[in-house]
Amino acid sequence: MHSRRVLAYLSLVHAQNFSCDRGVLAERLWPDAGMERSRASLRTAVWRIRRANVALVLVEPDVVRLGRAVNVDVHRFRHLAD
């Protein structure tokens, strides 16, 4: 479930083509948890995502983003609609 939340959030952020700060991402996805707990949840979710497919997310020390080869169909449909 946590991995799905991370991928869904990154998919929405991906529309603007930028990375998401790890602290911000953890805080937004787990607002009721403390900072340590939310960061731990993010680390676990990212680990599970990368275990399923290493190309899904790019992880840097301070940011997380969708992999470069990941296409989000919603953005393609929006572009076609515009």
Side-chain angles (χ1 to χ4, degrees):
M1 183 61 142
H2 290 211
S3 300
R4 290 179 189 171
R5 291 169 65 181
V6 170
L7 287 172
Y9 187 87
L10 291 175
S11 294
L12 294 175
V13 170
H14 186 68
Q16 298 167 356
N17 201 19
F18 63 85
S19 308
C20 188
D21 179 87
R22 290 175 79 117
V24 171
L25 180 58
E27 184 179 303
R28 289 193 179 153
L29 294 180
W30 295 277
D32 297 332
M35 184 52 77
E36 285 185 38
R37 184 70 217 139
S38 63
R39 284 183 177 256
S41 295
L42 177 60
R43 280 192 304 274
T44 301
V46 168
W47 175 80
R48 287 182 177 154
I49 293 166
R50 291 178 58 82
R51 195 172 114 198
N53 186 333
V54 71
L56 285 176
V57 292
L58 297 175
V59 181
E60 297 174 12
D62 296 329
V63 296
V64 180
R65 73 180 84 202
L66 282 182
R68 287 178 174 79
V70 175
N71 291 312
V72 180
D73 60 355
V74 172
H75 307 305
R76 187 168 11 108
F77 293 134
R78 276 190 190 159
H79 178 71
L80 291 171
D82 288 344

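We're numbering straight along the sequence, starting at 1.
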Taking the side chain as every heavy atom from C-beta outward, state whether Leu66 and Leu7 have any pair of such atoms under 4.5 Å apart.
yes

Does any non-hydrogen side-chain atom of Arg28 lie less than 4.5 Å from one of Tyr9?
yes

Residues Arg39, Glu27: salt bridge by 4.0 Å N-O rule:
no

Going only through I, L, V, M, F, W and Y residues with side-chain contacts under 4.5 Å, is there a path from Leu42 to Leu58?
no

Minimal heavy-atom distance between Val70 and Ala55, with the atoms involved, is CG2-O, 4.0 Å

Val59 vs Arg22 side-chain heavy atoms within contact, under 4.5 Å:
yes

Can a donor-acceptor pair be found, under 3.5 Å and without considering hydrogens, that links the side chain of Ser3 to the backbone of Arg48?
no

Report yes if the side chains of Thr44 and His2 come closer than 4.5 Å at any heavy-atom pair, otherwise no.
no

Side-chain heavy-atom pair Arg65, Val57 within 4.5 angstrom cut-off
no

Looking at residues at least two apart in the chain, or sitting in another chain, which of them share a side chain to side chain donor-acceptor pair (under 3.5 Å) with Glu36?
none

My understanding is that only one of Leu25, Leu12, Val63 makes a side chain to side chain contact (heavy atoms under 4.5 Å, CB included) with Cys20; could you say which?
Leu25

Of all the heavy-atom pairs spanning Val6 and Trp30, show the shortest one and how long it is.
CG2-CH2, 3.9 Å

